[in-house]
There are 2 protein chains.
Amino acid sequence: MAKRDHAEVCAEVCTHPEILEKVAPEMPDEERLYDLAELFKVFGDTTRIRILYVLFESEMCVCDIAALLNMTQSAISHQLRILKQARLVRSRLDDDHVRTVIGQGMEHIEEKHGRKRA
Amino acid sequence: MAKRDHAEVCAEVCTHPEILEKVAPEMPDEERLYDLAELFKVFGDTTRIRILYVLFESEMCVCDIAALLNMTQSAISHQLRILKQARLVRSRLDDDHVRTVIGQGMEHIEEKHGRKRA
DNA sequence: AAAACATATGAACATCTGTTCATGTGTTAG
DNA sequence: CTAACACATGAACAGATGTTCATATGTTTT
């Protein structure tokens with residue numbers, strides 16, 4: 001009995017209603033947050049990041065990308081589809097936000113790890 | 001035989017050495033790209049994005065977050081650990097890069113979908 | 001038209017990821 | 001000290017994700 005209460009306490013008792021009431025209305029709607037997570041999910045894979053980086057440098061055919069990344073043509077094709085669906089890549093790279101977002105991310109990890117090289 | 005050749009062609013034949021030689025040296029090192037993907041992976045989950053957004057608004061206890069997001073305390077705790085490991089959250093929110101990166105991402109999806117509301 | 005080239009795709013599979021459940025740990029109040 | 005509170009964590013499981021393999025679908029060349 002004491003144990004069961006214990007389990008329930010934190011989930012139901014320890015909330016501060018003022019905070020909830022203040023914060024809840026400020027949250028973006030669920031759809032927006034979902035889309036945002038989806039976007040970052042696309043960036044969250046080494047293969048796709050590498051693809052974006054090679055496309056920063058030059059437009060090139062799928063086979064060249066595959067050769068550069070030392071992966072199969074099929075794998076690249078699958079990943080390119082995901083990048084296109086997210087509108088990050090069209091025929092070539094799509095827009096500047098891609099560079100900006102990735103750039104900001106890179107700055108973050110640079111700062112944290114205190115490395116050199118831009 | 002013709003079929004086997006077909007399968008091999010694209011992976012080995014259709015590369016343009018000039019491009020490979022030009023682009024390859026420009027690529028950041030693998031470790032860096034890996035870390036970058038890891039960072040975005042952290043942003044690439046709705047629960048974690050929502051946690052970051054509530055923490056934008058106010059410092060609060062785990063149980064409040066759980067109540068706000070309508071999830072268990074355990075789930076939040078697990079996700080908070082990931083955010084802390086990525087140094088995005090300390091006791092409260094960590095730094096401005098977090099806001100900047102997320103803001104850029106949001107701008108991207110806004111632009112694409114042509115929605116209103118900042 | 002046939003062959004070569006370039007890319008796309010579906011199924012299968014192994015791995016990774018997020019949540020839940022149960023419980024552990026540390027801290028504060030009585 | 002004991003109970004209440006706040007948070008952390010490990011195992012288990014279901015669902016998602018990335019790669020491979022085999023093959024399909026365009027598109028040029030010849």
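Keep in mind that the numbers below use all heavy atoms, side chains included, and drop hydrogens, waters and symmetry copies. This structure is a prediction, so every number in the text was calculated from the model and none was measured.
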So does B:T72 get a side-chain nitrogen or oxygen closer than 4.0 Å to the phosphate oxygens (OP1/OP2) of C:dT20?
yes
Without decimals, in angstroms, what is the distance between B:Q73 CD and D:dC5 C1'?
11 Å
Euclidean distance, atom CD of residue B:E59 to atom P of D:dC7 [Å, nearest integer]
11 Å
Shared hydrophobic cluster for B:Y34 and A:I51 (ILVMFWY, side-chain gaps under 4.5 Å)
no
Taking CD from B:Q79 and C1' from C:dC16, how many angstroms apart are they, rounded to a whole number?
13 Å
Check: B:A37 main-chain N/O paired with A:R48 side-chain donor or acceptor under 3.5 Å:
no
Would you mind reading off the distance between A:M60 atom CE and C:dC5 atom C1', rounded to a whole angstrom?
18 Å
Between the side chain of B:R50 and the main-chain N/O of A:E30, is any donor-acceptor distance below 3.5 Å?
no
Nearest heavy atoms of A:L36 and B:I102, plus distance in Å:
CD2-CG2, 3.7 Å
State which of C:dG18, D:dC7, C:dA6 makes the closest approach to the side chain of B:C61.
D:dC7
If only side-chain N and O atoms of A:K41 are considered, is one of them under 4.0 Å from the OP1 or OP2 phosphate oxygen of C:dT17?
no
Rounded to whole Å, CD1 of A:I76 lies from C1' of C:dT9 at a distance of 15 Å
Can you tell me which nucleotide in C:dA8, D:dT19, C:dT20 comes closest to the side chain of A:S77?
C:dA8
In whole angstroms, the gap separating P of C:dT17 from CD1 of B:I82 amounts to 9 Å
Would you mind reading off the distance between A:F40 atom CZ and D:dA16 atom C1', rounded to a whole angstrom?
20 Å
OP1 or OP2 of D:dC7 under 4.0 Å from side-chain N/O of B:R81:
no
What is the distance, to the nearest angstrom, from the CG atom on B:L80 to the C1' atom on D:dA6?
12 Å
Is there a side-chain polar atom (N or O) of A:S74 under 4.0 Å from OP1 or OP2 of C:dA8?
no
Please state whether the rings of B:F40 and B:F43 are parallel, tilted or perpendicular, taking 30° and 60° as the class boundaries.
tilted
Compare the aromatic ring of A:H78 with the six-membered base ring of D:dT19 and state whether they stack according to the 5.5 Å and 30° rule.
no
